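These notes concern the structure reproduced below.
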Amino acid sequence: QVQLVESGGGVVQAGDSLTLTCAASGLTFSEYALAWFRQAPGKDREFVGGISWNGLHKYYPEVMKGRFSISRDNAEKTVYLQMSSLKSEDTAVYYCAARAGRSLITRFDYRANWNYWGQGTQVTVSS
């Protein structure tokens, strides 16, 4: 079965950088689109970034452009989220998500459009 395992979370200071990793198994990785979402306490899960099956198309919410960067390594079956200039409001559990297919029409920022989820990794930014 499909498994997604996030790692790399932790406690950092405001202004620091952090890279999250999501290792996938049980799927033909190169045929899947991938995304990162996050959920802060008491808030809905929100889209952080998405990447197409071939890595050529990347999507971010406007407010996160320039600070967050998603990338993938199909050979290693891994997707990354590089975060910089972290702020206290970035504190959340970060989740990796995957869905099969090459569609660029299916929206990346809709939680319901993703079939597989990891268990999440906690990121805490202290000010």
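The shown structure was predicted, so the numbers you read here are calculated from the model rather than taken from an experiment.
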message = Can you tell me how the ring of Y32 sits relative to the ring of Y116, calling it parallel under 30°, perpendicular over 60° and tilted otherwise?
response = tilted

inquiry  = Test of understanding: clusters of I, L, V, M, F, W, Y form through side-chain heavy atoms closer than 4.5 Å, transitively. Do V79 and Y59 belong to the same one?
reply    = no

request  = Compare all side-chain heavy atoms of I70 with those of Y60 and state whether any distance is below 4.5 angstrom.
outcome  = yes

ask   = Is there a path from W117 to L34 through hydrophobic residues (I, L, V, M, F, W, Y) whose side chains come within less than 4.5 Å of each other?
value = no

query = Can you check salt bridge (Lys or Arg N to Asp or Glu O under 4.0 Å) on R111 and D44, steps first, answer last?
reply = CA-CA 10 Å; R111 179 180 172 181; D44 291 335; over 6 Å; no

key: Sub-4.5 Å side-chain heavy-atom contact between R38 and R45   = no

ask   = Would R72 count as a cation-pi partner of W53, with NZ or CZ less than 6.0 Å from the six-membered ring centre and within 45° of the ring normal?
value = no

query = Hey, is the main chain of S88 close enough, under 3.5 Å, to the side chain of T91 for a donor-acceptor pair?
reply = yes

ask   = Rounded to the nearest 0.5 Å, what separation is found between the CZ atom of R102 and the OG atom of S30?
value = 7.5 Å

message = Could you check whether any side-chain heavy atom of V2 comes within less than 4.5 Å of a side-chain heavy atom of S25, counting everything from C-beta outward?
response = no

Step-by-step side chain to side chain contact (heavy atoms under 4.5 Å, CB included) determination, T121 to L20 = CA-CA 8 Å; T121 186; L20 304 182; 4.1 Å; yes

query = Under 4.5 Å between any side-chain heavy atoms of E6 and Q122, yes or no?
reply = no

task = May I ask whether L81 and V93 are part of the same hydrophobic cluster, defined by side-chain heavy atoms of I, L, V, M, F, W, Y residues being less than 4.5 angstrom apart, directly or through others?
result = no

message = I want to check a possible cation-pi pair here: R99 against F108, using under 6.0 Å from ring centre and within 45° of the ring axis as the test.
response = yes

remark   = Rounded to the nearest 0.5 angstrom, the OH-SG distance for Y80 and C22 is 10.5 Å

ask   = With a 4.5 Å limit on heavy-atom distance, are the side chains of L86 and Q13 in contact?
value = no

request  = Please report the closest heavy-atom contact between K77 and L27, naming both atoms and the distance.
outcome  = NZ-O, 3.7 Å

ask   = How long is the gap from CD on E76 to CG on N74, to the nearest 0.5 Å?
value = 10.5 Å

key: Between CD on residue E89 and NZ on residue K43, distance to nearest 0.5 Å   = 8.0 Å

Centroid-centroid under 6.0 Å between F37 and F47 rings = yes

query = Would you say M83 and Y94 make side-chain contact, with heavy atoms under 4.5 Å?
reply = yes

inquiry  = Quick check: closest heavy atoms across G49 and P61, and the distance to 0.1 Å?
reply    = N-CD, 4.4 Å

note = For T19 and Q82, the nearest pair of non-hydrogen atoms, with its separation, is OG1-CG, 3.6 Å

message = Hydrophobic cluster membership, with links at side-chain heavy-atom distances under 4.5 Å among I/L/V/M/F/W/Y: are Y95 and L4 in one?
response = no

inquiry  = Using ring centroids (six-membered ring only for Trp), state whether W36 and F68 fall under 6.0 Å.
reply    = no

key: Shared hydrophobic cluster, L104 / L56 (ILVMFWY, side-chain heavy atoms < 4.5 Å)   = no

key: Donor-acceptor pair, side chain of T28 and main chain of E31, under 3.5 angstrom   = no

ask   = Can you name the nearest heavy-atom pair linking A40 to A92, along with the distance?
value = N-CB, 3.8 Å

